[in-house]
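This report concerns only the one structure given below.
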Amino acid sequence: MELIIMLVIATFIYLYRQNPGSAPYKYFTNMAVTVYEKYAPYSYKVVKEKAKELGQDFTAKQYIVQIFLFGGVAAAIAFLYFYSLFWAIAYAVVAIAFIPYVSFLRYKRIYNEFIFEEIQVYCTNVIMEFTTSQSFVKSLEGVRESGILEEPILGDVSTMIDMSYANGTIDEALKFMSDKYPYYMVKNMHQLFLQITNEGAKDSGESLELMMQDIDMLVEGVYRDKMDRAAYYKKFIMYGLALYLLVMLMQFLLGQAQYLEMVNEWYIQIILHAVIIINSFFLIDGTKFYNEEIGAE
């Protein structure tokens, strides 16, 4: 342990000497941001700005309520488990520290729902444009000029148009869009257009009409699943919170005096900490699942 502390101190001094005009913590912050931006699908800033643009961002009052709610519930649970003010404060601080992560999950869900709606608009309108232009690139241009798409889909459609003209084919443009937005409707529609373009299908009207029906059915299924998941998530949270209160049943069965004697044992404290951590992980994992992408593979 002493060796680890010495290494941390040495690293801190080295970074400070390498960056005398700035705090060493900024180095770690910038490095973390760089790694996150490289591997994450999109940043916290992107999803928060989109939520704010859509009018679904939390106000300062709502954040304050979250802080008191998370901190208060965590402190109450910890105190019921250990009857210790120290652990009540410690768990309250940890719970409050998770608020940005929970907010990020919520912003991701809002952003993904927005992207899904834009993809739906992209697919349906490209098909409608194709029925008149009989050209995929012209269809993309018509959708772009119509003003119905927003960023980032609008910029991606422009990229597809540029790639199609540069390559003389639509293959790479279709692959670009399908890889970036791996939704069933995107892959199926692109596959159909690729078949029509390469094989020169004469009667594409019926196929496109069936594709429109498939998109409508898929969208209906996705939104039905969204409502079902929202209802299930509310029950899930209530069930998860109820699990914390099982310790009250234990106190009722054993008696508070005997329970307080047990809590003084170190191994009992480890078990109680494990119960809280495992149940918390259960709630966080369920929250992550609820806010996962919709409509994608």
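All residue numbers in this chain count up from 1 along the given sequence.
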Legend entry - Residue list, side-chain hydrogen bond (donor to acceptor under 3.5 Å, both in side chains) with K45, at least two apart or on another chain: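 Partners of K45 by the side-chain hydrogen bond (donor to acceptor under 3.5 Å, both in side chains) criterion come out as none, since no residue qualifies.
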Legend entry - Full working for side chain to side chain contact (heavy atoms under 4.5 Å, CB included) between V222 and K226: CA-CA 6 Å; V222 167; K226 174 185 173 181; 5.6 Å; no
Might you point out which heavy atoms bring [X] and [Y] nearest each other, and give the distance in Å?
X    : Y    : answer
L80  : Q251 : O-NE2, 2.8 Å
M211 : N188 : CE-O, 3.4 Å
Q269 : F82  : O-CE2, 3.9 Å
H190 : S178 : ND1-OG, 2.8 Å

Inset, instruction - Please write out which residues are connected to L253 in a hydrophobic cluster, directly or through intermediates, given that two of Ile, Leu, Val, Met, Phe, Trp, Tyr count as joined at side-chain heavy-atom separations below 4.5 angstrom. - result: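 Grouped by the 4.5 Å side-chain rule, L249, F252 form the rest of the cluster around L253.
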side-chain contact (heavy atoms from CB on, under 4.5 Å) against [X], all qualifying residues, sequence neighbours excluded:
X    : answer
D214 : none
K52  : D57
Q258 : L254

In Å, rounded to the nearest 0.5 Å, how long is the span from [atom1] of [X] to [atom2] of [Y]?
X    : Y    : atom1 : atom2 : answer
S139 : I170 : OG    : CD1   : 9.5 Å
M163 : L174 : CE    : CG    : 9.0 Å
M177 : L140 : CE    : CG    : 8.5 Å
I64  : T59  : CD1   : OG1   : 8.5 Å
M217 : Q213 : CE    : CD    : 8.5 Å
I119 : N112 : CD1   : CG    : 11.5 Å

Inset, instruction - Please lay out, stage by stage, how D156 and F176 fare under the test side chain to side chain contact (heavy atoms under 4.5 Å, CB included). - result: CA-CA 9 Å; D156 293 329; F176 160 77; 3.8 Å; yes
Inset, instruction - Return yes if some donor-acceptor pair links the side-chain N/O of N279 with the main-chain N/O of V275 below 3.5 Å, else return no. - result: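 Flag not set: sc N279 to bb V275 has no pair under 3.5 Å.
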Spell out, yes or no, whether [X] and [Y] are grouped together once hydrophobic residues are joined by side-chain heavy atoms under 4.5 Å, including indirect joins.
X    : Y    : result
L283 : L105 : no
Y223 : Y290 : no
L210 : L194 : no
I276 : L69  : yes
F86  : I270 : yes

Which donor-acceptor pairs under 3.5 Å do side chains of residues 87-104 form with protein atoms, sequence neighbours excluded?
from : atom 1 : to   : atom 2 : distance (Å)
Y91  : OH     : H273 : ND1    : 2.6
S103 : OG     : I99  : O      : 3.0

Inset, instruction - Could you check whether the rings of Y183 and F116 sit parallel, tilted or perpendicular, using 30° and 60° as the cut-offs? - result: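 Answer is tilted, since the angle falls between 30° and 60°.
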All ring-ring contact (aromatic ring centres under 6.0 Å, His included) counterparts of [X], not counting sequence neighbours:
X   : value
Y81 : none
F79 : Y83
F58 : Y63

Inset, instruction - Please indicate whether K138 has more than 12 foreign heavy atoms, meaning atoms of other residues, nucleotides or ligands, lying under 6.0 Å from its NZ. - result: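 Check fails, neighbour count at 12 or below.
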Legend entry - M128 atom CE, neighbour heavy-atom count above 12 within 6.0 Å: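 Atom CE in M128 is not packed in, count stays at 12 or less.
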Inset, instruction - Would you mind reporting whether R109 and R106 have side-chain heavy atoms less than 4.5 Å apart? - result: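 Yes, at least one pair of side-chain atoms sits under 4.5 Å.
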Inset, instruction - For residues M185 and V219, determine if any side-chain heavy atom of one lies less than 4.5 Å from a side-chain heavy atom of the other. - result: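 Sidechains of V219 and M185: in contact.
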Which donor-acceptor pairs under 3.5 Å do the side chains of residues 232-248 make with protein atoms, sequence neighbours left out?
from : atom 1 : to   : atom 2 : distance (Å)
Y233 : OH     : T287 : OG1    : 2.9
Y244 : OH     : S280 : N      : 3.3
Y244 : OH     : S280 : OG     : 2.7

Legend entry - Aromatic F114 / basic K50 pairing, under 6.0 angstrom, 45° off normal: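 Verdict for F114: a cation-pi partner in K50.
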Inset, instruction - Scan residues 134-170 for pairs that pass ring-ring contact (aromatic ring centres under 6.0 Å, His included), counting only residues two or more places apart or in two chains. - result: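 Residue pairs passing ring-ring contact (aromatic ring centres under 6.0 Å, His included), neighbours aside: F136-F193.
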Inset, instruction - Flag the pair K175 and D171 as a salt bridge only when some basic side-chain nitrogen lies within less than 4.0 angstrom of an acidic carboxylate oxygen. - result: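 Answer for the salt bridge query: no.
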Legend entry - Electrostatic pair R224:D228 at N-O distance under 4.0 angstrom: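 Answer for the salt bridge query: no.
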Inset, instruction - For E129 and E141, run side chain to side chain contact (heavy atoms under 4.5 Å, CB included): C-alpha distance rounded to whole Å, both residues' side-chain angles, the deciding distance at 0.1 Å, then the answer. - result: CA-CA 9 Å; E129 289 282 343; E141 290 177 334; over 6 Å; no
Inset, instruction - Go through S164 and T169 one step at a time and tell me if the side chain to side chain contact (heavy atoms under 4.5 Å, CB included) criterion holds. - result: CA-CA 5 Å; S164 298; T169 64; over 6 Å; no
Give the table of side-chain donor-acceptor pairs shorter than 3.5 Å for residues 143-155, with sequence neighbours excluded, one pair per line with atom names and distance.
from : atom 1 : to   : atom 2 : distance (Å)
S146 : OG     : V143 : O      : 2.6
E151 : OE1    : G155 : N      : 3.1

